[in-house]
Amino acid sequence: QVSLVESGGGLVQAGDSLRLSCAASGGSFSMGVMGWFRQAPGKEREFVAAIRTPNSDTYYAGSVKGRFTISRDRAKNTLYLQMNSLKPEDTADYFCTGRRTRLIVSALSTWEQYDYRGQGTQVTVSS
């Protein structure tokens, strides 16, 4: 059984940067697509970013495009989310997701399309 474990969250000030990591274990890291979602207190969960194989095509929510970068290191079985120029509205629990097969672009932002999900890491951005 594949396990995804996020790390790297914390409390930062507006304008700071953070890098989240998601370590995959328990199986082959041959995911067709991996992504990040987030859920702020009292709000619905939302898509943040995704990366697809084999070309590592990346996709972002409009609210983070230009500030966040998703990447993966196959050798380390790890997914990353580099977050720059953080804003208070980025405060949320961030979840790593994975799916064994590829997804069409229109489905990347759908939580239920992913086979695996982590427990989340908390990010708090103070103003």
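Just so we're clear, the structure is a prediction, and the values are computed from it rather than from any experiment. No hydrogens, no waters, no symmetry mates; every other heavy atom, side chains included, goes into these values.
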The criterion is side chain to side chain donor-acceptor pair (under 3.5 Å); which residues satisfy it with Y59, sequence neighbours excluded? R52
Please list, chain by chain and in numerical order, all residues satisfying side chain to side chain donor-acceptor pair (under 3.5 Å) with N84, sequence neighbours excluded. S17, Q82
Residues in ring pair (Phe, Tyr, Trp, His ring centres under 6.0 Å) with Y60, at least two apart? none
Please say whether more than 12 non-hydrogen atoms of neighbouring residues, nucleotides or ligands are located less than 6.0 Å from CD in Q119. no
With salt bridge (Lys or Arg N to Asp or Glu O under 4.0 Å) as the rule and sequence neighbours excluded, what pairs involving residues 36-49 come up? R38-E46, R38-D90
Is it the case that the side chain of [X] and the backbone of [Y] share a donor-acceptor pair, with hydrogens and angles ignored and the cut-off at 3.5 Å?
X    : Y    : answer
T53  : G32  : yes
T121 : G9   : yes
E6   : G120 : yes
N55  : D57  : no

Show every side chain to side chain donor-acceptor pair (under 3.5 Å) that has at least one partner inside residues 106-118, sequence neighbours left out. R99-Q113, R100-Y116
Is the distance from the ring center of F95 to that of F37 below 6.0 Å? no
Quick one: closest heavy-atom pair of R72 and L79, and the distance? CB-CD1, 4.1 Å
Quick one: which residue pairs count as a disulfide (SG to SG under 2.5 Å) with a foot in residues 45-81, not counting sequence neighbours? none
